[in-house]
**Student:** 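Quick one: the structure is below, questions incoming.
Computed from heavy atoms alone, side chains included, the values below leave out hydrogens, waters and symmetry copies. Keep in mind that this is a model prediction, so the values were computed, not measured.
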Amino acid sequence: MAIDEQHLKGLNKEQKEAALHVKGPLLIVAGAGAGKTKTITHRIVNLIKNGVSPDKILAVTFTNKAAKEMRERIIGEIQKNAKGQDKIPFVSTFHSLGVYIIKENAQLLGLTKYFTILDENDTTTLIKNILKELSLDPKQYDPKKIKNIISREKGKFVYLADYVEREEGGGNSLGKIVAQVWNLYEKQKTKENALDFDDLLLKTTKLLKENKEIRKIYQERWEYIHIDEYQDTNEVQYLMSKLLTNTNRNICVVGDADQNIYSWRGANLKNILNFEKDYPNAKIILLEQNYRSTKNILEAANVVIKKNKYRPDKNLFTNNVEGEKIGLYEALDETDEGEFVATKILEILDKGEDLLLRGVSQADGPRGSAVPVGTDSDPTKVTSSHLFEIAILYRANFQSRVLEEAMLRYNIPYQVLGVKFFERKEIKDTLAYLRAALNPDSLSDIKRIINFPARGIGKVTLMKIFSGQRETLPIKMQIKINNFYKILEEIKEKISRQDEQKQGLKTSEIIKFVVKKSGIEQELSAGTEEDMERLENIKELATLALKYDNLTSGTGVEKLLEDASLASDQDSLMINQEKKEKVNAIKLMTVHASKGLEFKYVFITGLEDGLFPHERQNENKANEDDEEERRLFYVALTRAKEKLFLSFANFRTIFGSRQINTPSEFISDIPADILKKEGEASGIKTIYL
């Protein structure tokens, strides 16, 4: 091997071919577990070794976890193979890229630098309040449904004016209501100097499309573009990628049509299928060698996905061992299914390298974490170093309740992925003080914290403050309000103040100042045990903020607020990794949330017709919907490395109604010779003819 290709050692033939590609468009079709992140990393390092400056390279992915992993790998490879480089490529999520471009052009967009990013809950609350303003019942017109309609339209690159014009001429009454709500929603965001998630993409793409000078700046800044998970891009992300690509067309996209599972939020499978039409001279490379799963697991995945028509043909293979057969359990009902999963987990732990121990563990996560395992003095709590290697997957969130109950019965520590650290009330309250200090126009944040801790400020008083009638309030109330705004001013001063060394206060220190100055610490310290747990979580926020301390004060706080707003379901795992630890607990999550993760042992539950595949309410569902459910099952199968268990229940209670189920069609797709029946369900046996 030539000396300049030492960094490519360990890549297979196709991975190496992709890494060595330099000029022109490139499509890497990467199957599950085929080492796509490794391939992209080595391609970027190869570009740098070929004389491309790192700051000319952009890499975009979908989750903070994926971006962090890619960034760390690239930095590690640069340090090993391109020594002397002090620059690094720009690696981010689509939304973080949007924030970056918007902040650099805030004035052009009518924003200040410190605009607020509304998270999903903020957006829903704002829409709920607007419905009330319009005298519409939020129970009749679901704020979440309206939010999702607006989000979907923005993802299609539809502007408010276009939507209003379209719906005014139509007969859809819901569409007209959405148009009304959307109009007031945009006005309120403008008033509050705020953007939602979709704005971060829509406004960025609109700016790039309509402003030639701005577009040219970013095209020249990034000469090489990399887009990960390209099959998950919606219309706006697709356009953004295209607009950023300069005349050299040095764009590399990585994806897998078989893992497109987000059409319900606008992901367009055609983006990856039509890549060759968009870029006629594109080079196509298939990564088909799987490094994750056993042969039996991979065979099941290959057979299942081959039934789909809307996909480029590929067949994953592996040099891994054949492995155990796939376990299949027929449960009487959901409770029996939970029992099976719990007892099977105990068996796995018994067979592990660590014998099953019973005693107190300190590795189950911080106090207040989403690992409800009883008290620390519980002598029957299961402890094993293998817990974090086990995942229980389900199609719908409601399924977790019975599974959680089973974990509690057997004292098995568990963590529900989807309980976001940054969505906890105490965390949102603390961050709201920072946002309101930087952006006094953020009425939503002020409304959230003006009476926390309690200051005796009611709704009527709040309305007068927001309508500019503060001077009409009683003197005592005015003093309370003035004191509150003084706290915000002091927080802002602490954020922006420079010390004698010309360095701002550290971000973690600012968090501590906010908690003390606002009165949150005093309020929670004197409260219940639950309040004490909330205070512990805020202390955890201060610990997490340490990683922003190396940034200048204002920048550190900005970045913390940005990351908190854009946090995904998987970021609860990322937070623990940043603390150099793993929460030693079983992971429970939806199949959607499991995308990009892998585990030694995986349980896929609820494999019943109507549940998985999920029954669509729309009678005119397209074949694409059926295929997406199959892709989702494929994703679930390919999360497993060593052992896979499938289960279904003959009876399941859904919305208070006990239903008789037939097994999922997906089960019959798997070859019988790689399936192994697990145990016997207790109670009545159902025979299907």
Side-chain angles (χ1 to χ4, degrees), residues 11-31 34 36 39-44 46-47 50-52 56-62 89-90 94 97 155-157 201 204-206 208-212 214-260 262-263 266-288 308-315 624 627 631:
L11 299 185
N12 64 35
K13 180 186 173 185
E14 290 73 24
Q15 289 173 332
K16 185 177 176 183
E17 186 181 0
L20 288 172
H21 182 272
V22 175
K23 294 291 183 182
L26 171 66
L27 168 61
I28 303 173
V29 180
K36 66 181 176 101
T39 305
I40 298 174
T41 300
H42 283 82
R43 182 176 191 273
I44 289 172
N46 187 64
L47 288 172
N50 275 276
V52 177
K56 290 287 186 183
I57 300 171
L58 171 68
V60 186
T61 187
F62 274 79
F90 191 101
F94 270 105
L97 177 62
K156 293 176 183 175
F157 206 58
L201 304 179
T204 302
T205 306
K206 189 173 184 285
L208 293 170
K209 184 179 181 183
E210 297 177 356
N211 193 313
K212 186 178 179 180
I214 296 293
R215 182 168 70 248
K216 188 177 179 183
I217 287 170
Y218 293 104
Q219 287 180 342
E220 290 178 352
R221 184 175 299 181
W222 297 309
E223 293 180 5
Y224 291 85
I225 312 287
H226 299 76
I227 310 293
D228 192 15
E229 303 288 7
Y230 195 65
Q231 78 281 348
D232 290 335
T233 53
N234 61 19
E235 186 65 22
V236 173
Q237 290 159 334
Y238 164 77
L239 280 172
M240 187 194 294
S241 306
K242 213 168 182 185
L243 289 165
L244 285 170
T245 303
N246 60 25
T247 53
N248 295 327
R249 298 164 74 83
N250 292 325
I251 181 171
C252 167
V253 303
V254 187
D256 180 9
D258 293 335
Q259 295 187 69
N260 170 263
Y262 293 114
S263 66
N268 192 342
L269 183 60
K270 291 177 182 176
N271 292 346
I272 191 167
L273 296 179
N274 292 340
F275 186 80
E276 291 175 83
K277 291 181 181 178
D278 291 332
Y279 303 94
N281 299 321
K283 186 176 181 65
I284 316 294
I285 295 175
L286 264 65
L287 303 184
E288 296 178 294
N308 276 3
K309 296 177 182 176
Y310 299 96
R311 62 184 293 268
D313 188 41
K314 71 175 188 301
N315 193 62
E624 287 90 336
E627 294 211 349
R631 291 195 295 268

**Student:** Which atom pair, heavy atoms only, marks the closest approach of A18 to L26?
**Tutor:** O-CD2, 3.8 Å
**Student:** If we ignore hydrogens and angles and just use 3.5 Å, is the side chain of N50 paired with the main-chain N or O of N46 as donor and acceptor?
**Tutor:** yes
**Student:** To the closest 0.5 Å, what do you measure between OG1 (T41) and CD (Q15)?
**Tutor:** 11.0 Å
**Student:** Can a salt bridge be assigned to the pair E627 and R311 using a cut-off of 4.0 Å between side-chain N and carboxylate O?
**Tutor:** no
**Student:** Examine distances only and state if a side-chain atom of H226 and a backbone atom of L58 form a donor-acceptor pair shorter than 3.5 Å.
**Tutor:** yes
**Student:** Ring pair (Phe, Tyr, Trp, His ring centres under 6.0 Å) with Y224: which residues, sequence neighbours excluded?
**Tutor:** none
**Student:** What I want to find out is whether K36 reaches D256 closely enough, with some N-O distance under 4.0 Å, to be called a salt bridge.
**Tutor:** no
**Student:** Y238 and side chain to side chain donor-acceptor pair (under 3.5 Å): which partner among T205, T233, D278, N274?
**Tutor:** D278
**Student:** Side chains of L244 and L97: does their closest heavy-atom pair fall under 4.5 Å?
**Tutor:** yes
**Student:** Can we say K13 and E17 salt-bridge, meaning some charged N sits less than 4.0 Å from an Asp/Glu carboxylate O?
**Tutor:** no
**Student:** Assess whether side-chain contact (heavy atoms from CB on, under 4.5 Å) is satisfied between E229 and D232, documenting all intermediate values.
**Tutor:** CA-CA 6 Å; E229 303 288 7; D232 290 335; 4.0 Å; yes
**Student:** Got a donor-acceptor contact below 3.5 angstrom from the N246 side chain to the N248 backbone?
**Tutor:** yes
**Student:** Look up atom CG in L269 and atom OG in S263, then write down how far apart they are to the nearest 0.5 Å.
**Tutor:** 9.0 Å
**Student:** Pair D228, V60 - check side-chain contact (heavy atoms from CB on, under 4.5 Å), show working.
**Tutor:** CA-CA 6 Å; D228 192 15; V60 186; over 6 Å; no
**Student:** Is the shortest heavy-atom distance from the side chain of M240 to the side chain of F157 under 4.5 Å?
**Tutor:** no
**Student:** Is Q219 reaching over with its side chain to a backbone N or O of L243, donor-acceptor style, under 3.5 angstrom?
**Tutor:** yes
**Student:** Would you sort out whether L27 and K283 count as a side-chain contact (heavy atoms from CB on, under 4.5 Å), showing the intermediate values?
**Tutor:** CA-CA 6 Å; L27 168 61; K283 186 176 181 65; over 6 Å; no
**Student:** Is the backbone N or O of N260 less than 3.5 Å from a side-chain atom of R631, with the two atoms forming a donor-acceptor pair by type?
**Tutor:** yes
**Student:** OG1/T39 to CG/N12 distance, rounded to the nearest 0.5 angstrom?
**Tutor:** 7.0 Å
**Student:** Verify, without hydrogens or angle tests, whether R215 (side chain) and K209 (backbone) share a donor-acceptor contact under 3.5 angstrom.
**Tutor:** yes
**Student:** Taking all non-hydrogen atoms of both residues into account, name the closest pair between K56 and E220 and its distance.
**Tutor:** NZ-O, 2.8 Å
**Student:** Hey, is the main chain of N234 close enough, under 3.5 Å, to the side chain of Q237 for a donor-acceptor pair?
**Tutor:** yes
**Student:** Side-chain contact test, heavy atoms from C-beta onward, threshold under 4.5 Å: evaluate it for I227 versus V254 and give yes or no.
**Tutor:** no
**Student:** For the SG atom of C252 and the CD1 atom of I28, what is their distance to the nearest 0.5 Å?
**Tutor:** 4.0 Å
**Student:** Using a 3.5 Å distance criterion without hydrogens, assess whether the side chain of N308 forms a donor-acceptor pair with backbone atoms of Y310.
**Tutor:** no
**Student:** With heavy-atom distances below 4.5 Å as the criterion, would you say the side chains of V253 and I272 are in contact?
**Tutor:** no
**Student:** Does N268 offer a backbone N or O that forms a donor-acceptor pair with the side chain of E235 under 3.5 Å?
**Tutor:** no
**Student:** Of the non-hydrogen atoms in L273 and A257, which two are nearest, and what is the gap between them?
**Tutor:** CD2-CB, 4.3 Å
**Student:** Could you tell me the separation between the CD1 atom of I40 and the OG1 atom of T61, rounded to the nearest 0.5 Å?
**Tutor:** 7.5 Å
**Student:** As an exercise, state the distance from NE2 of H21 to CG of N250, rounded to the nearest 0.5 Å.
**Tutor:** 8.0 Å
**Student:** Taking C-beta and beyond as the side chain, do I251 and Y279 meet within less than 4.5 Å on heavy atoms?
**Tutor:** yes
**Student:** Would you check, one step at a time, whether the test side-chain contact (heavy atoms from CB on, under 4.5 Å) holds for N271 with Q231?
**Tutor:** CA-CA 7 Å; N271 292 346; Q231 78 281 348; over 6 Å; no
**Student:** Would you say the side chain of S241 lies within less than 4.5 Å of the side chain of F94, judging by non-hydrogen atoms?
**Tutor:** yes
**Student:** Tell me, please, which residues at least two apart from R249 pass salt bridge (charged side-chain N to carboxylate O under 4.0 Å, His left out).
**Tutor:** none
